[in-house]
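Written out below as C-alpha cells is the structure these notes cover.
Only heavy atoms go into these numbers, but all of them, side chains included; no hydrogens, no water, no symmetry mates. Counting begins at 1 with the first residue of the sequence. Values in this document were obtained by computation on a predicted structure and should not be read as measured data.
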Amino acid sequence: MLLFTYLYGFLFIVSASALIYMALKTYRNVDIYYWTIVFLIAITTLGFLERSMAKNSAEAMMAHNLACIGSTLLPAVYFMGMLRAFKIHVKRIAKFYLYLIAILHMLLIWFNSTHHLYYSSFDIGWTKYGLFLNIKKGPLSFIHHLYTIPLTIAIALSCIHAFKHPEKSPRRTVLAFAIITTLIDATYLFQQVFHWKYDFFPFFFGIGSWMIALSYEHNFSHNINSIVSTMHDEGTETGYIAFNLKKEYLGANEAALDFLPLLKQLHLDKEMPEEYSPLKNIINQLIIALEEGKVEPYFLKFGDIVLRFKIRYFYIRKKGATGGYLISVKDDTEHQHYLSFVENYNKTLQYDIRKQTEHIRQIQEHVVMGLANMIENRDESTGGHVKRTSDVIKILVEYMIDNHIGNLDRSFADSIVRAAPMHDLGKISIDLNILCKPGKLTPEEYEIMKTHPVKSGEIVKTILGGVEEPGFIEVACNVARYHHEKWNGQGYPEQLKENDIPLEARIMAVADVYDALVSKRCYKEPMSFEEAARVMIESMGSHFDPMMKDVFLGCRLSLEEYYRLSADE
C-alpha cells in the first residue's frame, strides 16, 4: 500500500472516530445537521480511501462517486447546519431547492459513465505516493462552479453576519465554521491553481469533523430550549405514555414503566386489552375529554400512590398532522395528601367558625331580647309584645315562602324574624310619662313618640355594626325605622309610600298592628278576632301593602290559634 492510502485510511479513522465520539456522549437532544455533517464527512473520506486502493478505472470511478458526496451533498447540509447554529431562519422551500440541486449535481456525477457529459474522460495513474485521477472535464462540468461558488459566497456572508451578531450565536461556534470553510476553500483553490494530482480535502475534512464534534456540546449549552427540555425530563420524574390516533400503544418512558409496571407487558402497535381496566378506562376518558376540548387532569389510585394523568396531542413534525396522544403520569400522592389535609382543616375551621358564629349570635340575640324586654318593662302597656310580634312574623313569612308571595328566600325571611325584636328599641329614649301614659297622647307628646323609629334604627346600627353581615344590618334597620310607615304615605317618620317602604318593614307593620289590636293595653281592652280581622282587611291598600291581604287571610286561623294558646299560658 502507498502513502496516500495510509493517510486516507488514517483520516477515515479520524472522521469516523468523531462520529463515534458524539454517539458515546449520549446527548439527550440531537441536532440532525451536526450528526449528518459528521456522518457525510466519514462517508466522503471512506470514498477517498477506497479510491486510493482501486485496481482499475471502474473501481476508481465507483469510489470517486462516493467521495464526491463531499463536494455535492455535504456543502448543502453544512450550509443549512451553519445557518441553524447561527439562528438564521431559512424557509422550507429554499431548503428543498438547495437539497434538490445538490442531489441532481451528485447524480450527474454518478451517472457520468453512461453519458460522459460531466467528465469527457476518466482514467487513473500511479506514482510512488499512490493512485491519482486523470480527468478531463466535459461540457456540463461548469455546473460544479455554478453550484459551489454561490454556496461558498453565501457561507462566507453568513459567517460575517454571525460575527457581527454575537448575541445570536456563541463566538466559538462561529469561529469553528469559519475555520473549516476557510481551510476547505483554500485547499480547493490551491489544487485548482497548482493542478495537484492528489486530493488534500480529507485532511481538512478530518479536522473539520472533530471541530464540529467538539463544538456540538458548546453550541448545545447555548440552546436554552434544549437545556430546559433536558432538565424537565430529568428533574420532574414525569412518566410519558404514547398512543396513536387508533389508541394503539406506542411506548412509554422509564418513569411511566416504574409507575405502571403493567405497561411492560403491552404489545407495541396494539390496543390496550380489556383486562387492563381501570387504566384503559381512564385513558379513554382522557382521550374523549381532549377531543371535547377539555384538559382537566384525572387521578387514579394504584396501591399506596395516587397518579395524576394529563393528556395532549403530540406532533412528529413542527407543521404536520397529529401524531397521536401523549399522556403524562406523575406521582401526586404528596399533593393529594396535602389537599386532603387542607380540606379537613378547612372543614374543621368552618365547623369551629360556625360554632363560634352561632355562639356570638346567641349572645347577641340574648342581649337584644334583654334590651327589648327591659324597654317593654318600662312600657307597661305592651307586655309580651316583643315575643308575640316575633312569633307572628314567623307565621307570616312561612306562609309567604310556602305560597311564593313577595319572592322571599329563606335567608331573607330568617333575617326578618331575627330583626323583629329590635323594632321598638328606640322607645328607650322616650320619657316614661309619655311611654306609660294611660290616656290619649297630646299632639306634642305624639310627636315625641313618633321619634322612636328613628332612634330604633340608630340603636340597631350601634349594636350590630361590625359584628353582623351588612345585609342583615340593613334588614334590621329597615324593620326598626320604617315599620310605622303606611302604604298611602301617611305614616312616619319619612312618609314613605307603597313600594318605597322596604318589604321587611311592610311585613313588620302587619304583625305590629295586629298584636296591638288583639292584645290588652293599659288604655284599652283587647279587640275580638273578628273585629281585628275586619280592621286589618279594611286597612289593606291604605295602611298596609295590599299584597299582605292574601297573606293575612291565609294566616288568620293560625294567628288566632296562636293568640288563644298565648292567652291560656
Side-chain angles (χ1 to χ4, degrees), residues 382 385-386 388-409 412-413 415-427 440-441 443 446-447 449-457 460 471 474-519 521 524 527-560 562-563:
T382 58
H385 176 69
V386 169
R388 290 194 302 272
T389 51
S390 296
D391 292 338
V392 170
I393 286 289
K394 289 180 184 178
I395 295 172
L396 295 176
V397 297
E398 286 295 334
Y399 183 86
M400 294 177 74
I401 290 175
D402 292 343
N403 292 275
H404 308 290
I405 299 174
N407 294 321
L408 267 69
D409 59 38
F412 183 62
S415 294
I416 301 173
V417 174
R418 288 181 58 210
M422 308 180 203
H423 73 282
D424 273 341
L425 293 181
K427 285 185 177 181
K440 186 177 182 181
L441 299 177
Y446 186 55
E447 288 301 318
M449 179 63 79
K450 285 164 63 177
T451 64
H452 85 270
V454 175
K455 296 291 184 181
S456 296
V460 167
E474 182 181 5
V475 170
C477 288
N478 288 341
V479 166
R481 186 179 182 93
Y482 302 119
H483 68 281
H484 281 295
E485 298 287 358
K486 295 183 179 180
W487 184 259
N488 58 15
Q490 296 179 13
Y492 62 87
E494 296 179 18
Q495 291 80 51
L496 299 179
K497 63 185 299 185
E498 299 182 359
N499 290 323
D500 290 338
I501 306 169
L503 175 59
E504 54 267 34
R506 285 179 261 155
I507 298 171
M508 187 70 228
V510 173
D512 190 44
V513 172
Y514 186 75
D515 183 73
L517 292 176
V518 298
S519 301
R521 299 289 172 87
K524 75 170 191 69
M527 193 177 285
S528 68
F529 291 138
E530 290 76 12
E531 177 101 12
R534 182 184 60 77
V535 172
M536 294 295 291
I537 292 169
E538 289 177 353
S539 300
M540 297 294 173
S542 55
H543 188 153
F544 307 116
D545 182 348
M547 176 186 70
M548 296 303 295
K549 180 177 180 179
D550 289 339
V551 178
F552 175 77
L553 292 174
C555 296
R556 179 178 174 181
L557 295 178
S558 298
L559 291 173
E560 291 175 1
Y562 168 76
Y563 277 94

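Between Tyr446 and Tyr492, the ring-plane angle classifies as perpendicular under the 30° and 60° cut-offs.
In this structure, the separation between CG on Leu396 and OG1 on Thr389 is 10.5 Å, given to the nearest 0.5 Å. Here the CD1-CG distance, from Ile507 to Asn478, works out to 11.5 Å after rounding to the nearest 0.5 Å. Atom CG of Asp391 sits about 12.5 Å away from atom OG of Ser558, to the nearest 0.5 Å. Rounding to the nearest 0.5 Å places CZ of Phe552 at 14.5 Å from CG of Asp545. Here the CZ atom belonging to Arg506 is positioned 9.5 Å from the CD atom belonging to Glu498, to the nearest 0.5 angstrom. Rounding to the nearest 0.5 Å gives a distance of 8.5 Å between NE2 of His484 and CE of Met449.
Crowding of Lys450 atom NZ: a count of heavy atoms from other residues, nucleotides or ligands under 6.0 Å exceeding 12. Within 6.0 Å of CG on Asn407 lie no more than 12 heavy atoms contributed by other residues, nucleotides or ligands.
At a threshold of 4.5 Å between non-hydrogen side-chain atoms, the residues Leu503 and Ile416 do not count as touching. Using a 4.5 Å heavy-atom cutoff, the side chains of Leu559 and Ile395 are in contact. Proximity of Leu517 to Val535: side-chain heavy atoms (C-beta onward) are separated by under 4.5 Å at one or more points.
Scanning both residues, His483 and Ala480, for their nearest heavy atoms gives ND1-O, 3.1 Å. For the residue pair Pro493 and Arg481, the shortest heavy atom distance occurs at CD-O, 3.2 Å. Nearest heavy-atom pair across Glu447 and Thr451 is O-CG2, 3.4 Å. Considering all non-hydrogen atoms of both residues, Val475 and Glu504 come closest at CA-OE2, 3.7 Å. Between Val392 and Ala511, the shortest heavy-atom contact is CG1-CB, 3.6 Å. Here the closest heavy-atom approach between residue Gly541 and residue Trp487 is recorded as O-CD1, 3.3 Å.
For Asp515, the salt bridge (charged side-chain N to carboxylate O under 4.0 Å, His left out) test picks out Arg388, Arg521, with sequence neighbours left out. Shown here are the salt bridge (charged side-chain N to carboxylate O under 4.0 Å, His left out) partners of Lys497, two or more places apart in sequence or in another chain: there are none.
At distances below 3.5 Å, not a single donor-acceptor pair connects side-chain atoms of Glu485 with backbone N or O atoms of Ile501. Of the possible donor and acceptor atoms, one in the side chain of Ser456 sits under 3.5 Å from a partner among the backbone N and O of His423. Asp512 places no side-chain N or O within 3.5 Å of a backbone atom of Met508 that could act as its donor or acceptor partner.
Using a 4.0 Å cut-off between charged nitrogen and carboxylate oxygen, Arg534 and Glu538 count as a salt-bridge pair.
In summary, the aromatic rings of Tyr514 and Phe544 are positioned with their centroids too far apart to meet the 6.0 Å limit.
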Under the side chain to side chain contact (heavy atoms under 4.5 Å, CB included) criterion, do Val386 and Asp424 qualify, and how do the steps go? CA-CA 8 Å; Val386 169; Asp424 273 341; over 6 Å; no
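Tested against His543, the residues Lys486, Met536, Gln490 include a single side chain to side chain contact (heavy atoms under 4.5 Å, CB included) partner, Lys486.
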